[in-house]
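In what follows, a structure is listed as structure tokens, so that the remarks can point back to it.
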Amino acid sequence: MDDCLFCKIVKGEIPTDRVYEDETTLAFRDINPQAPHHILVIPKEHYQGIHDVPTEKADILGSLFVAVGKVVKELALTDDGYRLVVNSGKNANQIVPHIHVHIFGGRSMTWPPG
Ligand code: 5GP
Ligand code: ZN
């Protein structure tokens, strides 16, 4: 989508600190990190929410979480642990309407989230 920030990042029109990329997925550091490691993992194809991905495109979601696994291993977050967050819609405070999995790592976190 032309006016989508994360689609622009996929196209390389906005520079980012990329940590992982494959054919369908991109991971980069959040511009406003909320933890020592704060990575966003996105499908390259534009969908606003998980619920918008049609069944025939389910591979995109599989690849997304396989990429998450690679990133947390690469950043050595698996021993101490990490948190994944997918904000969806206004109640969840989704600011960028392109599916993204937040990875938070490098500090302990509280529960429940705010
Ligand atoms: P949301 O609230 O939609 O789940 O999270 C969007 C995230 O995108 C926020 O954590 C915000 O800091 C991050 N973000 C917004 N603009 C940019 C940008 O231009 N570059 C990067 N790397 N992250 C961004
Ligand atoms: Zn997009």
Side-chain angles (χ1 to χ4, degrees):
M1 241 175 81
D2 283 352
D3 60 350
C4 169
L5 179 68
F6 287 175
C7 284
K8 287 181 181 165
I9 285 176
V10 169
K11 286 185 270 183
E13 293 171 8
I14 295 174
T16 45
D17 189 356
R18 295 179 179 222
V19 298
Y20 175 81
E21 181 167 13
D22 63 31
E23 211 177 301
T24 59
T25 308
L26 178 65
F28 50 93
R29 290 196 178 272
D30 196 291
I31 203 169
N32 182 23
Q34 302 300 312
H37 291 289
H38 183 175
I39 312 295
L40 302 173
V41 190
I42 68 171
K44 289 185 173 177
E45 201 169 328
H46 180 93
Y47 292 101
Q48 178 158 349
I50 301 278
H51 54 275
D52 294 315
V53 178
T55 306
E56 63 270 21
K57 292 283 194 136
D59 284 1
I60 288 176
L61 300 177
S63 301
L64 184 69
F65 281 92
V66 169
V68 167
K70 289 179 178 170
V71 170
V72 296
K73 279 194 259 186
E74 178 64 29
L75 296 176
L77 300 179
T78 55
D79 281 355
D80 286 344
Y82 56 89
R83 179 171 290 171
L84 306 180
V85 171
V86 182
N87 293 321
S88 198
K90 68 173 164 49
N91 276 1
N93 242 332
Q94 182 181 16
I95 305 296
V96 181
H98 180 131
I99 294 171
H100 48 284
V101 179
H102 293 258
I103 302 173
F104 300 101
R107 66 167 171 83
S108 59
M109 288 162 249
T110 57
W111 192 263

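For the numbers below, each heavy atom of this structure counts, side chains included, while hydrogens, waters and symmetry mates do not. In what follows, residues are counted from 1 in the order of the sequence shown. Read the numbers this way: they start at 1 and go in the same order the structure lists the ligands and their atoms.
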| Yes or no on side-chain contact (heavy atoms from CB on, under 4.5 Å) for Leu26 and Glu21, after CA distance, side-chain angles and deciding distance? | CA-CA 4 Å; Leu26 178 65; Glu21 181 167 13; 3.9 Å; yes

Checklist entry - Between Tyr20 and Val41, is a side-chain contact (heavy atoms from CB on, under 4.5 Å) present by the stated rule, with each step listed? => result CA-CA 9 Å; Tyr20 175 81; Val41 190; 5.9 Å; no

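The nearest protein atom to atom 16 (N) of ligand 1, hydrogens excluded, is given as Leu5 CD2, 3.2 Å; this is a heavy-atom distance.
Taking CD1 from Ile60 and CD from Glu45, the interatomic distance works out to 4.0 Å, rounded to the nearest 0.5 Å. To the nearest 0.5 Å, atoms NE2 (His38) and CZ (Arg107) are separated by 9.5 Å. Atom NE2 in His46 sits 10.5 Å away from atom CG in Asp2 (nearest 0.5 Å). Note that the NZ atom of Lys70 and the CG atom of Asp22 stand 6.0 Å from one another [nearest 0.5 Å]. With rounding to the nearest 0.5 angstrom, the CG atom of Asp30 is 8.5 Å from the CD1 atom of Ile39.
Here's the thing with Arg29: one of its N/O atoms is less than 3.5 angstrom from an N/O atom of ligand 1. Here's the thing with Asn93: one of its N/O atoms is less than 3.5 angstrom from an N/O atom of ligand 1. Residue contacts with ligand 1: Ile9 is placed with no nitrogen or oxygen under 3.5 Å of a nitrogen or oxygen of the ligand (distance criterion only). Annotation: Leu40 places no N or O atom under 3.5 Å from an N or O atom of ligand 1; distance criterion only.
The environment of CD in Glu56 is crowded: more than 12 heavy-atom neighbours from other residues, nucleotides or ligands sit within 6.0 Å. Other residues, nucleotides and ligands contribute at most 12 non-hydrogen atoms within 6.0 Å of the CD atom of Glu74.
Interface of Thr16 with ligand 1, defined as ligand atoms under 4.0 Å from a residue heavy atom, comprises 22 (N). Counting atoms of ligand 1 from 1 in the listed order, those under 4.0 Å from a heavy atom of Ile95 are 1 (P), 2 (O), 3 (O). Near Phe6, meaning under 4.0 Å from any of its heavy atoms, are these atoms of ligand 1: 8 (O). Residue Asn32 approaches ligand 1 through these ligand atoms, each under 4.0 Å from one of its heavy atoms: 12 (O).
The closest approach between His100 and ligand 1 falls below 4.0 Å for a heavy atom of the residue.
Checked against the 6.0 Å centroid threshold, His102 and His100 count as a close aromatic pair.
The nearest non-hydrogen atom to atom 11 (C) of ligand 1, considering only Val86, Ile39, Val85, Asp30, comes from Asp30. Evaluated by nearest non-hydrogen atom to atom 14 (N) of ligand 1, the leading choice among Asn87, Ile14, Ile31 is Ile31.
Under the side-chain contact (heavy atoms from CB on, under 4.5 Å) test applied with Ile103, the options Leu40, Leu75, Val19, Val68 reduce to a single match, Val68.
Excluding waters, the set of protein N/O/S atoms under 2.8 Å from the Zn ion (ligand 2) reads Cys4 SG, Cys7 SG, His46 ND1, His98 ND1.
Between Lys57 and Asp52 no salt bridge is recorded (no basic side-chain N to carboxylate O distance below 4.0 Å).
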